Amino acid sequence: MQRIKRRQDFVAAAKALSQAQTSLVLQFRDRKDDAGARIGFTCTKKLGNAVTRNRIKRRLKEAARLALPQMVRGGADYVVIGRSVAENRPFELLQSDLISAMQRLHAKAATAPEKSVP
RNA sequence: CCAGUCGGCUGGAUGGCCGCUCUUGCUAGGCUCGAAAGGGUGCAAGGGAGGAAAGUCCGGGCUCCACGGGAAUAGGGUGCCGGGUAACGCCCGGCGGGGGUGACCCCAGGGAAAGUGCCACAGAAAAUAAACUGCCGCAGCGUGCUGCGGUGAGGGUGAAACGGUGCGGUAAGAGCGCACCGCAGGCUUGGCAACAAGACUGGCAUGGCAAACCCCACCCGGAGCAAGACCGAAUAGGGGUGGCACGAAUCCGCAAGGGUUCAGGACUGUUUUCGGUUCGCCGCCCGGGUUGGUUGCGCGAAGCCAUUGGCAACAAUGGUUCCAGAUGAAUGGCCAUCCAUGGUGGGUUAGACCCCACCGGGACAAAACCCGGCUUACAGGCCGACUGGUAUU
RNA sequence: UGGGGCGUCGCCAAGCGGUAAGGCACCGGAUUUUGAUUCCGGCAUUCGGAGGUUCGAUCCCUCCCGCCCCAG
């Protein structure tokens, strides 16, 4: 799965669907093309210093690597925004947060597909 | 043993499973992303955050720009002396001042006699020393006032009052004279110097503030790796060149040239004789350059060990080692045991810092071109030197 | 990476070497049957923090902390 690296992709994903969980916020945007799914990780400066922010992003990356590959859809951009509890939340709960957020987002996209068009 | 001062070191360990990034090797191609440049994908081995990587406060390297050399103006910085260094506002040693019983610690510490300015309140007066009050003498008379002269000693204040204390001296007094202290001047001695010591001379001049303006001495060209270099598509546009084309009317202009309409070409919407966009057409070559990519990018004022010189900072010589290179940003995720440590309960015990069980639980903080410093943050642990006190011998 | 600014009472703020203005809010009192209005009085012992210069710092200097803005 490719990583999102450009700022404008992050901004575009922020304008599309989002789903908040205890440890993270997941954003989902359908790019309407045939390329593979992409995922990006970010968090705000309010969460702490560089060590804390990096640790949150690494735990989320590892959870996504283990939990998500069989769930993602082609042509989709996912952005995971870390929250402060993600630093110490048990790893199994971190994975289940990701899975349920993605399930609910996919359900939202099915009921209201027009909203995801930018 | 208690209290304290200074300096240095360290910054959890081992293992398992699954990952990230770089380098090298392997058969060297395949597959794949991309317009290209270039990138991704396999296996194995090895490397992979810090003492502050931080704050970005100084100093350099490196790169580009500017510049004939140099100097000056403006602006900014530094400020006892000597040394170290590539350089510094850093470090070392010394001097002076201040603090502490002491080990030791702190100090932007040049110039106030170049000039300007400020010194609230209080106080007679806050800086050309005079006025006021006072003290003393003489004269006058209305007998406590006036005039003249002497004096700069006293005057509640204040952060600070024009040398201080004492003795002599005098009408009263005053460095007026003397002793001691302070101060100034040149001299001698010691020291590279800052400065110190000594005797001599001078009766004393120069209040404080320059982290107020300022003066003096010295230093500084500007920007920053998003510097800079290279590769480089479609489309549009620029230059050159070859072939084809370069029609008609009209307007501006001396001309070169330009505008408008029709015709014509290219692309395109559309059922269409209708419309839209564009303007010489086609080929080749050159240069610039956007998205993007590569590079810059780690052998260095490097680390470690030894010897020598130096009180030291540090330097020289010899040997030895190769030690991170990410870019929405790698160096991790999960788990187990141990270790340091905290809590609770129980046990041993004179008492435990000893033993057992359970629970909790790892300081600060992550390279972003690279080095030398400074500053700030930091759980816990270790080592060395020294000081004061108490007790014992 | 480079540059600039701010921090003063609960809120908005003035002051910029010499006892820290003012407004809103709050508290107490007066007026009123009660409330509003009005009037009177009260309300800053770290002027973001720590050092330093000065007789004396909100103000000057140094270092930190927090917040905001600009350029690429």
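Just so we're clear, the structure is a prediction, and the values are computed from it rather than from any experiment. Sequence lines set the chain letters: A, B, ... in the order given, protein chains first and strands last, and positions in each chain run from 1.
Nearest-nucleotide positions on RNA chain B place A/C43 closer to the 5' end than the other of A/E92 and A/C43. Map A/R65 and A/F41 each onto its nearest nucleotide of RNA chain B; the residue landing nearer the 5' end is A/R65.
Going from the C1' atom of B/rA210 to that of B/rC178 covers 42 Å, rounded to whole Å. The C1' atoms of C/rG48 and B/rG93 are separated by 41 Å, rounded to the nearest whole Å. Nucleotides B/rU349 and B/rU387 have their C1' atoms positioned 40 Å apart, rounded to a whole Å. To the nearest whole angstrom, the two C1' atoms, one in B/rG83 and one in B/rC314, are 10 Å apart. If you take atom C1' in B/rC162 and the same atom in B/rC183, they sit 14 Å apart, rounded to whole Å. Comparing the P positions of B/rU10 and B/rG318 gives an interatomic distance of 29 Å, to the nearest angstrom. Nucleotides B/rG110 and B/rA211 place their P atoms 9 Å apart, quoted to the nearest Å. When the C1' atom is used for both B/rG222 and B/rA227, the distance is 13 Å, rounded to whole Å.
With rounding to whole Å, A/N54 atom CG is found 6 Å from B/rA330 atom P. For the pair A/I39 CD1 and B/rA329 P, the interatomic distance rounds to 11 Å; values are reported in whole Å. A/R38 places its CZ atom 16 Å from the C1' atom of B/rG40, with the value rounded to the nearest Å.
A/K57 comes within 4.0 angstrom of nothing in the nucleic acid, heavy atoms only.
The side chain of A/R58 places no N or O atom within less than 4.0 Å of a non-bridging phosphate oxygen (OP1 or OP2) of B/rG19. Within the 4.0 Å cut-off from OP1 or OP2 of B/rG328, not a single side-chain nitrogen or oxygen of A/R53 is found. Close to B/rG333, at under 4.0 Å from its OP1 or OP2, lies a side-chain N or O of A/R55.
Taking 4.0 Å as the cut-off between side-chain N and carboxylate O, A/R59 and A/E62 do not count as a salt-bridged pair.
Considering only the side chain of A/N49, B/rA365 comes nearest among B/rA367, B/rG333, B/rA365.
With a cut-off of 3.5 Å on both Watson-Crick or G-U wobble distances, the partner of B/rA350 is given as none.
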